[in-house]
Amino acid sequence: MRYWLMKSEPDDVSIDDLAARPGGTVPWYGVRNYQARNLMRDAMTVGDPVFFYHSSCAEPGIAGIARVASAAYPDATQFDATSPYYDAKATPETPRWLNVDVQFVRKTRLIGLAELRAQAELANMRVLARGNRLSITEVEPAEWRYITRELMGLRED
DNA sequence: GCCAACGTTGGC
DNA sequence: GCCAACGTTGGC
């Protein structure tokens, strides 16, 4: 089992939007970066825990917990000419972009970016690395434990 | 709106 | 394969 952090713009899909979805599940559509795509395809397993991170918004930070709910499969938006994520070079026979489904687990208090940066225990967290632009990053088990227990006050994982 | 950082594209 | 130009991310 591996742990992940996935960024979403709350104007698009917030943690509350995720919770309100049928089954609490949403396809993680719109990833157009090969590294992030490959993580979904090669490294994620159904059941992996995910920090749901709000980005490009007034209060960026971790807003809740989700889990990986499917294997990677072709992202439908790449075939949709009306979608901002349309890719003319992708066809159903040779899809370029994949997504997993992500399922709501719980909403937490917002752990803001500044708060994350202030933790010595999180100094090496991938998402905090200088210049990081990946929308999906791995979280080390010790970092996951620290955030869930010390910052969120959760008893269990 | 600004800007740093970095990925992608395309000419050569 | 190099690399400049361009586009995107995302915090501030």
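Quick note: numbers below take in every heavy atom, side chains included, and nothing from hydrogens, waters or symmetry partners. All chains are named by letter (A, B, ...) in the order of the sequence lines, taking the proteins before the strands, and each is independently numbered beginning at 1.
Nearest-nucleotide assignment on DNA chain B puts the 5′-proximal partner with A/Q35, out of A/Q35 and A/K89.
Every residue meeting the side-chain contact (heavy atoms from CB on, under 4.5 Å) condition with A/E150, not counting sequence neighbours, appears here in chain and number order: A/Y146. Every residue meeting the side-chain contact (heavy atoms from CB on, under 4.5 Å) condition with A/P10, not counting sequence neighbours, appears here in chain and number order: A/S14, A/H54, A/C57. Residues forming a side-chain contact (heavy atoms from CB on, under 4.5 Å) with A/A43 (at least two apart in sequence, or on another chain): A/R2, A/W4, A/L39. Scanning for side-chain contact (heavy atoms from CB on, under 4.5 Å) contacts around A/R67 gives A/V46, A/Q103, A/V105, with sequence neighbours left out.
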**Request:** Spell out protein contact along nucleotides 2-7 of chain C as letters: B when the base is contacted, S when just the sugar-phosphate is, - when no protein heavy atom is under 4.0 Å; keep the 5' to 3' order.
**Result:** -----B
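In this entry the distance linking CG of A/N132 with C1' of C/dT8 reads 13 Å, nearest Å. Distance A/L134 CG to C/dT9 P: 12 Å, rounded to the nearest Å. Rounded to whole angstrom, the span from the CD atom of A/E59 across to the P atom of C/dG11 amounts to 12 Å. Atom-to-atom, CG of A/L116 to C1' of C/dG10 comes out at 15 Å; the value is rounded to the nearest Å. The distance between atom CZ of A/R32 and atom C1' of C/dG10, rounded to the nearest whole Å, is 19 Å. Distance A/N33 CG to C/dT8 P: 13 Å, rounded to the nearest Å. Nucleotide C/dT8 holds its P atom 15 Å from the OH atom of A/Y34, rounded to whole Å. As rounded to whole Å, 13 Å separates atom P of C/dT8 from atom CG of A/D87.
Legend: salt bridge (Lys or Arg N to Asp or Glu O under 4.0 Å) pairs involving residues 71-84 of chain A, not counting sequence neighbours, sorted by first then second residue: A/R32-A/D75.
With A/Y29 as reference, A/D12 is the one residue of A/D12, A/T77, A/N99 to meet the side chain to side chain donor-acceptor pair (under 3.5 Å) rule.
When hydrophobic residues (I, L, V, M, F, W, Y) are linked wherever their side-chain heavy atoms come within less than 4.5 Å, A/Y86 remains an isolated member. Under a 4.5 Å side-chain heavy-atom cut-off, the cluster of Ile, Leu, Val, Met, Phe, Trp and Tyr residues that includes A/F79 has no other member.
Residues from residues 48-58 of chain A placing a heavy atom under 4.0 Å of any atom in DNA chain C, listed by number, are A/Y53, A/S55, A/S56.
The closest donor-acceptor contact from the side chain of A/E143 to the backbone of A/E140 lies under 3.5 Å.
When distances run from any side-chain atom of A/K7 to the nucleotides C/dG10, C/dG11, B/dT8, the shortest one goes to C/dG10.
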